[in-house]
Amino acid sequence: MTANKHQPLHTFVDLLGAEIRLRMGNDPARDAAHRRIFGNTALAETQASGERPQRQPACGYLPACFAELEKRGGNLGKLAAALREIEPHLNWNNQAERRKSPALAKNYADSFIVGPGGFVPSDDIQIGVSVMAPHTTYPDHRHPPEELYLVLSQGEWRQNADPWHEPGVGGVVYNPPDIVHAMRADAKPLFAIWCLPLDNTPH
Ligand SMILES: [Fe+2]
């Protein structure tokens, strides 16, 4: 196990916090979630195992997702460039067993960038990235921590039995604690970053 400072990681988290803040609109719940996630980003050092990280078939969609964002430029382009540098260090999972959805094994991949067991260990926050093949649905699920997504591609999101909606590139989705939610890719791969506070402080 070696530990090292990782500049692209810090650039990535700083840009991510700023972009979500800019794009999330005026809403006290989102504001409180953002503060709990990004209010104290004194990150630990990265943990590189020295082994080749695990990848998944859906990781094959990443280069096109990065290229699309870098072509757009601006802060989303910079965010993608930082993530492209971090990506070779990340361990990817497909959640097929956890979500009881065999289709995810070939069509979905996610990775914890920050969080318990992540590239940067943290017990306070979780920041992860998902990539999903076209025409794939990530099924309904729920979790006690609230969640902020930064959407980086086409694709649709849903809460409870509400209609599906398309936030668009740069859109922010807020999931209150324990709400049932899902996402699905249309003709393009879905690409998104999600952030959860893991502390139990009242908010
Ligand atoms: Fe979720």
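Atoms within each ligand, like the ligands themselves, are counted from 1 in listed order.
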Exercise. Below 6.0 angstrom between ring centroids: does that apply to Tyr108 and Trp92?
Worked result: no
Seminar exercise, completed: Of all the N, O or S atoms in Glu147, the one nearest to the Fe ion (ligand 1) is OE1
Exercise. If you look at His181, which of its N/O/S atoms is nearest to the Fe ion (ligand 1)?
Worked result: NE2
Exercise. Would you say the side-chain atoms of Tyr174 and Glu146 include a donor-acceptor pair closer than 3.5 Å?
Worked result: yes
For this session: Considering just N/O/S atoms, say which atom of His143 is closest to the Fe ion (ligand 1).
Result: NE2
Exercise. Do NZ/NE/NH1/NH2 and the carboxylate oxygens of Arg35 and Asp31 come within less than 4.0 Å?
Worked result: yes
Problem set entry | Side-chain donor/acceptor of His165 to backbone N/O of Pro163, under 3.5 Å | no
